[in-house]
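For the numbers below, each heavy atom of this structure counts, side chains included, while hydrogens, waters and symmetry mates do not. Naming: A, B, ... by sequence-line order, numbering from 1 per chain.
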Amino acid sequence: MNEEKIVTRFAPSPTGFMHIGNLRTALYAWLLARANGGRFIVRIEDTDQVRLVEGAVEVILQTLRQTGLDYDEGPEVGGEHGPYVQSERKEIYRKYAEELVAKGQAYYCFCTPERLQQLHDEAAAADSVGGYDRHCRNLLPEEVAERLSRGESYVIRQKIPLEGVTSYTDEVFGEISMENKEMQDQILLKADGYPTYNFAHVVDDYLMGVTHVVRGSEYLTSTPKYVLLYDAFGWPRPHYVHLPLLMGQNEDGKISKLSKRHGAVSFQDLLQAGYLPQAIVNYIALLGWCPKDSNQEIFNLAELCQAFSIDGISKSPSVFDYGKLNWFNSEYIKQLSPTNFAERVMPLLKQKCPSDGLNLDKLAQLLHTRVSTINEAANMVDFVAERLPLDLANYTNKKNKTTPELCLRILQEVQPRLVACADWQNDTLFELLKAYAAESGVKAGAVMLAVRLAVARQAVTPGGATELMEVFGKAESLARIELAMAELQ
RNA sequence: GGCACGUUGGAGAAGCGGUUUAACUCACCAGCCUUUCACGCUGGCAUUCAGGGGUUCGAAUCCCCUACGUGUCACCA
């Protein structure tokens, strides 16, 4: 495989947003090129003018930028094989399609969409799946010429051999064979003059020198038709690298192709949900690929390039697991510097906890090791934003042997010391409470519990008693202790 | 329905005919640590590789069949 310089491409269709499965395909194609000192091309496949979505190209390019998948040729950067947008290469395809007709490997078809629909309906009625009946395959040249000159609407179809078998070797799935009689005379050039994907990608991959076609395994069984096209032109076939599909788990436990019903499935959705680009990339890299002789899981792009190889790609589909993504994300969040993390949560904290006097920097610090996504911080700080109702039963704790009565006593005895405290920060407060515990003979754990509950008004909190007091500041902390004592009275 | 591909624990997976009593990670459970939670640490979690037949001295690893799953059969990509 090293006899030639590897050239791969990512060829998305701008028909929506960046699906995570698409991103993963882009990643693998990029990795294959970069890991072998090859080139990576981006090509926009916008031959379906009906499904075009405004702004989709920009989303695709932006995603590539955000994930660090740089390309050598493509939109915006150009290159020697441009243009890289298929709608701008329209005439190229016609020329090649006509060449195929001349070679007897393709033919003009004048069948109307209505007739095709009828064919389809009849097949469906017979409880089967029918294809095109090759009605125009053997039209006389004179008839074709005449109908063409009359300006009749037409498409150009590939002339698939009626007999025999077509095989190719996929780099991950091995040899794939398909009986020619199973294949349809697929349309190469549509009535609107645009090529189909089936044709355009073959022509472009050849013209752009793509050596390895990397794409999802949904193309596994249509590839024989593409291979036939290469053969018809007399072009060398590229290597094929089909990737296992990405699945999602449904509520009933069944799995199916990853889609919106499984939750956030576009790169943008995931960013919106608080995931970091590199965590997403790291996670999807491992969905369907595994490094050889290593148990490493945390990889940055450079490390992925080092470790990546085709034989690490598996054949079986994998289920996208948000739980594991969360773990990756929390690892990447922990890697963030305290300041960097603080910058990211701060907008959210300021919005949720606008009141003055709160130490949001301290809050951010507490949150750093406790969240798996930035957004998760939102539901964790409600108790800071407002004084939540607290069930007094929480003051009864078996491990620390506390009761509401004990807690009340603790709060009453500790309050004057807190009022007198001049240095309102964690370490000082902690020492203060410990000193009280030692002097009073009450267990330190009990003291911490009473104070934490009084201040937080919530059983489980992101931080201990004294850390939270630092967050609340002296005034609010004392006010809450005051409130707690009243409730316990 | 035809064809194609897949099937190792709840999820990602290693494994490529013999020291594998199936590695590692997430999740889960238990314990430790600890000012709760989280972090961290320790231990548990498939006697078995979809099922059934073969081949072999020996199979998760090779072959066949069955089951199940997914993909594909568009003037979509």
Task: Nearest-nucleotide comparison on RNA chain B, the residue closer to the 5′ end among Q249(A) and K257(A) - done: Q249(A)

Task: Pairing residues for D133(A) by the salt bridge (charged side-chain N to carboxylate O under 4.0 Å, His left out) criterion, not counting sequence neighbours - done: R115(A)

Open item on the list: Need one value for S294(A): base, sugar-phosphate or nothing, where a base atom within 4.0 Å counts as base even if backbone is also close, heavy atoms only.
Closed with: nothing

- [ ] Apply side-chain hydrogen bond (donor to acceptor under 3.5 Å, both in side chains) to Q425(A) and list each qualifying residue two or more places apart in sequence or on a separate chain.
- [x] D423(A), T428(A)

- [ ] Please work out if M183(A) contacts a base, only the sugar-phosphate, or nothing of the nucleic acid, heavy-atom cut-off 4.0 Å.
- [x] nothing

Open item on the list: Restricting to salt bridge (charged side-chain N to carboxylate O under 4.0 Å, His left out), what partner residues turn up for R480(A), sequence neighbours left out?
Closed with: E476(A)

Open item on the list: What's N426(A) touching, base or sugar-phosphate or nothing? Going by heavy atoms closer than 4.0 Å.
Closed with: base

TODO: Using the C1' atom as the reference point in each nucleotide, state the distance between U61(B) and G17(B) in Å, no decimals.
DONE: 6 Å

Task: Span that lies between the C1' atom of C39(B) and that of U19(B), in whole angstrom - done: 38 Å

TODO: Determine the contact category for K334(A): base if any of its heavy atoms lies under 4.0 Å from a base atom, sugar-phosphate if only primed atoms, P, OP1 or OP2 are that close, otherwise nothing.
DONE: sugar-phosphate

TODO: Could you tell me whether F430(A) contacts a base, only the sugar-phosphate backbone, or nothing, with contacts defined as non-hydrogen atoms closer than 4.0 Å?
DONE: base

Task: Residues forming a side-chain hydrogen bond (donor to acceptor under 3.5 Å, both in side chains) with R24(A), sequence neighbours excluded - done: none

Task: side-chain hydrogen bond (donor to acceptor under 3.5 Å, both in side chains) contacts in which one or both residues fall within residues 282-292 of chain A, not counting sequence neighbours - done: N282(A)-Y332(A)

- [ ] Please list residues of residues 223-230 of chain A whose heavy atoms come under 4.0 Å from any atom in RNA chain B, ordered by number; otherwise none.
- [x] none

TODO: Report which part of the nucleic acid N326(A) touches: base, sugar-phosphate, or nothing (heavy-atom distance under 4.0 Å, all strands).
DONE: nothing

Open item on the list: For a quick check of understanding: with a heavy-atom distance under 4.0 Å over all strands, which category does S13(A) fall into, base, sugar-phosphate or nothing?
Closed with: sugar-phosphate

Task: R9(A) with D204(A): basic N within carboxylate O range, under 4.0 Å - done: no

Open item on the list: Q117(A): which residues meet the side-chain hydrogen bond (donor to acceptor under 3.5 Å, both in side chains) condition with it, sequence neighbours left out?
Closed with: D121(A)

Task: 5' to 3' contact window, RNA chain B with chain A (heavy-atom distance under 4.0 Å) - done: G1(B) to A77(B)

Open item on the list: The criterion is salt bridge (charged side-chain N to carboxylate O under 4.0 Å, His left out); which residues satisfy it with K352(A), sequence neighbours excluded?
Closed with: D382(A)

Open item on the list: Need one value for I255(A): base, sugar-phosphate or nothing, where a base atom within 4.0 Å counts as base even if backbone is also close, heavy atoms only.
Closed with: sugar-phosphate

- [ ] Check whether any side-chain heavy atom of Y108(A) sits under 4.5 Å from a side-chain heavy atom of E98(A), and report yes or no.
- [x] yes

TODO: Mind checking G445(A) for me? I need base, sugar-phosphate or nothing, with any heavy atom below 4.0 Å counting as a touch.
DONE: nothing

Open item on the list: Just to be sure I understand the rule, does T461(A) reach a base, reach only the sugar-phosphate, or reach nothing, if contact means heavy atoms closer than 4.0 Å?
Closed with: base

Open item on the list: Within the 4.0 Å heavy-atom criterion, would you say P113(A) contacts the bases, only the backbone, or no part of the nucleic acid?
Closed with: base

Task: C1' gap between A60(B) and U47(B), integer Å - done: 14 Å

TODO: Tell me what A444(A) touches on the nucleic acid: a base, only sugar-phosphate, or nothing, going by heavy atoms under 4.0 Å.
DONE: nothing

TODO: For the pair K324(A) and E297(A), find out whether any cationic side-chain nitrogen is under 4.0 Å from an anionic carboxylate oxygen.
DONE: yes

- [ ] Name all residues meeting the salt bridge (charged side-chain N to carboxylate O under 4.0 Å, His left out) criterion together with E152(A); count only those two or more places apart in sequence or in a different chain, and write none if there are none.
- [x] R147(A), R150(A)

TODO: Identify, with sequence neighbours excluded, every residue that meets side-chain hydrogen bond (donor to acceptor under 3.5 Å, both in side chains) alongside R417(A).
DONE: E439(A)

Open item on the list: Using a heavy-atom cut-off of 4.0 Å across all strands, would you classify I187(A) as base, sugar-phosphate, or nothing?
Closed with: base

TODO: Using heavy atoms and a sub-4.0 Å distance, could you list which residues of residues 359-376 of chain A are near RNA chain B? By number, please.
DONE: T369(A), R370(A)

Open item on the list: Using a 4.0 Å heavy-atom cut-off, does G288(A) contact any base of the nucleic acid, only the sugar-phosphate backbone, or nothing at all?
Closed with: sugar-phosphate

